[in-house]
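Taking it in order: structure first as structure tokens, then the write-up.
What you see is a predicted model; the values in this text were computed from it and never measured.
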Amino acid sequence: ESAVLTSLPQLLEGHMPEPCALPSLLLRLASEVDWEEEQPCFETISAELANAYCVLPQDPSGLSDLDSASVADSAKPDPAEPIYPPAAEVVQHTLYPAFRHYLVPPRDFASDSTVMQVACLEKLYKVFER
């Protein structure tokens, strides 16, 4: 039987996986997903989709000979190094607004400071209006 990839789920409007992440996604879907049991199947498929969707656009001049999966798992990025502009666009205009709109952390995250509000834009506007 022939298997053909016809589409990918759109997990977040305006954001699709980078083309460089697709070969790794297909390989890992074939080799890492437990297709026999329902719950582990959903868990491993969602983990592999998350891995594919988390790959941001990369500067082709600096990473042409590296595999995208090994880049994602390798050394931490240098905070002093500027982010590749297309990646910054995705983060600023797609991911951050989605976090703000869809992220609902558990209540105990607020009490143990796992997640905390740093600033409220509406209140900042009121401060600077004066």
In one Ile/Leu/Val/Met/Phe/Trp/Tyr side-chain cluster, 4.5 Å: I45, Y53: yes
Over 12 non-hydrogen atoms of neighbours within 6.0 angstrom of CD in Q10: yes
Under a 4.5 Å cut-off applied to non-hydrogen side-chain atoms, are L12 and L95 in contact? yes
So which heavy atom on S111 is nearest to which on D108, and how close? OG-O, 3.0 Å
Measure the spacing between CG of L26 and OG of S31 and express it to the nearest 0.5 Å. 10.5 Å
So, S46 side chain and E43 main chain: donor-acceptor pair closer than 3.5 Å or not? yes
Run the salt bridge (Lys or Arg N to Asp or Glu O under 4.0 Å) test against E122 and tell me which residues pass, sequence neighbours left out. R100
Which value, rounded to the nearest 0.5 Å, describes the distance between W35 atom CH2 and L29 atom CG? 6.0 Å
Which heavy atom of E48 sits nearest a heavy atom of L25, and at what distance? O-CD1, 3.6 Å
Do C41 and E38 come within less than 4.5 Å of each other through their side chains, counting heavy atoms only? no
Distance in Å, M16 CE paired with L11 CG, rounded so as to fall on 0.5 Å steps: 8.0 Å
Is there side-chain contact between V90 and H15, with at least one heavy-atom pair below 4.5 Å? yes
Find out if a path of hydrophobic residues (ILVMFWY) with successive side-chain heavy-atom gaps under 4.5 Å connects M116 to L124. no
Can you tell if the side chain of L8 reaches within under 4.5 Å of the side chain of L22, non-hydrogen atoms only? yes
Going hydrophobic residue to hydrophobic residue with side-chain gaps under 4.5 angstrom, can you get from L56 over to F99? yes
Heavy-atom distance under 4.5 Å between the side chains of P17 and V55, does that happen here? no
